[in-house]
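So the structure is just underneath, and the comments pick up after that.
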Amino acid sequence: GAVVSQHPSWVICKSGTSVKIECRSLDFQATTMFWYRQFPKQSLMLMATSNEGSKATYEQGVEKDKFLINHASLTLSTLTVTSAHPEDSSFYICSAPAVSRYEQYFGPGTRLTVT
Amino acid sequence: GENVEQHPSTLSVQEGDSAVIKCTYSDSASNYFPWYKQELGKRPQLIIDIRSNVGEKKDQRIAVTLNKTAKHFSLHITETQPEDSAVYFCAAIQGAQKLVFGQGTRLTINP
């Protein structure tokens with residue numbers, strides 16, 4: 001089946017710094033990717049839709065200047081958390097839709113801890 | 001936009017018994033309903049899905065039913081085993097491929 005990878009799998013950073021998370025589709029092209037955030041014991045919440053070659057679409061309440069998304073190629077989307085604060089600590093997961101089906105392929109997630 | 005409600009939030013059943021998790025959705029345009037199993041710290045794993053043109057789908061011990069009129073769908077797990085213990089999420093999707101998740105159900109199988 002299709003594979004989506006994320007890097008890093010976990011990261012610890014200091015408050016005020018920026019962190020970049022990569023999401024790659026390894027064996028297929030993805031013109032669209034999705035970024036989710038999941039707090040402990042909660043559901044996955046869609047943050048934004050990453051579109052190859054154009055601006056990302058953010059969900060209501062998500063600060064686009066804080067969560068920068070770049071989809072520079074058909075296999076790579078990046079999420080940069082700028083000026084991170086402890087409340088940004090969460091599990092970030094990306095997904096990419098299957099080319100011809102409704103199914104979505106999820107990355108393994110990135111655990112971000114801001115100290 | 002779409003809103004998905006999931007119940008119960010926690011469910012505990014004896015090994016071998018059946019477990020049922022229910023979800024409702026708000027947008028009649030939603031046409032794909034996947035169920036995911038998530039273990040702690042891992043990615044969601046698709047366990048079964050159903051399209052809006054089908055009323056029921058079964059895969060071994062797992063089945064999903066969909067009532068489009070009432071806008072609800074359910075996950076049924078029979079002959080539960082300890083390894084079925086996890087958090088389960090329902091979701092709904094529209095043509096834009098945006099997944100909206102339910103709140104999740106923590107299923108515990110007691111030996």
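Naming: A, B, ... by sequence-line order, numbering from 1 per chain. What's counted below: heavy atoms across the whole structure, side chains too, no hydrogens, waters or symmetry copies.
- Under a 4.5 Å side-chain heavy-atom cut-off, the cluster of Ile, Leu, Val, Met, Phe, Trp and Tyr residues that includes B/Ile47 is completed by B/Val4, B/Leu11, B/Val13, B/Ile21, B/Tyr25, B/Phe33, B/Trp35, B/Ile48, B/Ile50, B/Val54, B/Ile62, B/Val64, B/Leu66, B/Phe73, B/Leu75, B/Ile77, B/Tyr88, B/Val100, B/Leu107, B/Ile109.
- Legend: ring pair (Phe, Tyr, Trp, His ring centres under 6.0 Å) pairs involving residues 3-31 of chain A, not counting sequence neighbours, sorted by first then second residue: A/Phe28-A/Tyr105.
- Heavy-atom distances place the side chain of B/Gln38, and not its backbone, under 4.5 Å from chain A.
- Within a 6.0 Å sphere centred on CD of B/Gln81, heavy atoms belonging to other residues, nucleotides or ligands number more than 12.
- Listed for the A/Ser43 side chain is no donor-acceptor partner under 3.5 Å among the backbone atoms of B/Gly104.
- Residues of residues 44-79 of chain A lying under 4.5 angstrom from chain B, judged on non-hydrogen atoms, are A/Leu44, A/Leu46, A/Thr49, A/Glu59 by number.
- Neither the backbone nor the side chain of B/Leu40 comes within contact range of chain A, judged by heavy atoms closer than 4.5 Å.
- No continuous path of hydrophobic side-chain contacts links B/Ile93 to A/Met33 [ILVMFWY only; heavy atoms under 4.5 Å].
- For B/Pro34, no part lies under 4.5 angstrom from a heavy atom of chain A.
- Across every non-hydrogen atom of A/Gln42 and B/Phe89, the tightest pair is O-CZ, 3.9 Å.
- Separating the OG atom in A/Ser95 from the NZ atom in B/Lys98 is a distance of 12.0 Å, to the nearest 0.5 Å.
- Note that OH of B/Tyr32 and CD of A/Gln104 are 8.0 Å apart. Values are rounded to the nearest 0.5 Å.
- The candidate from B/Gly1, B/Ala91, B/Ser9, B/Gly41 with the greatest count of non-hydrogen atom pairs under 4.5 Å with chain A is B/Gly41.
- Both the backbone and the side chain of B/Phe101 come within contact range of chain A, judged by heavy atoms closer than 4.5 Å.
- Both the backbone and the side chain of A/Phe106 come within less than 4.5 Å of a heavy atom of chain B.
- Contacts with chain B (heavy atom to heavy atom, under 4.5 Å) involve these residues of residues 107-115 of chain A, listed by number: A/Gly107, A/Pro108, A/Arg111.
- Around the CD atom of B/Gln60, the shell of radius 6.0 Å holds no more than 12 heavy atoms that belong to other residues, nucleotides or ligands.
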As a quick check of understanding, evaluate side-chain contact (heavy atoms from CB on, under 4.5 Å) for B/Leu99 and A/Phe34, giving each step before the final call. CA-CA 9 Å; B/Leu99 273 173; A/Phe34 300 97; over 6 Å; no
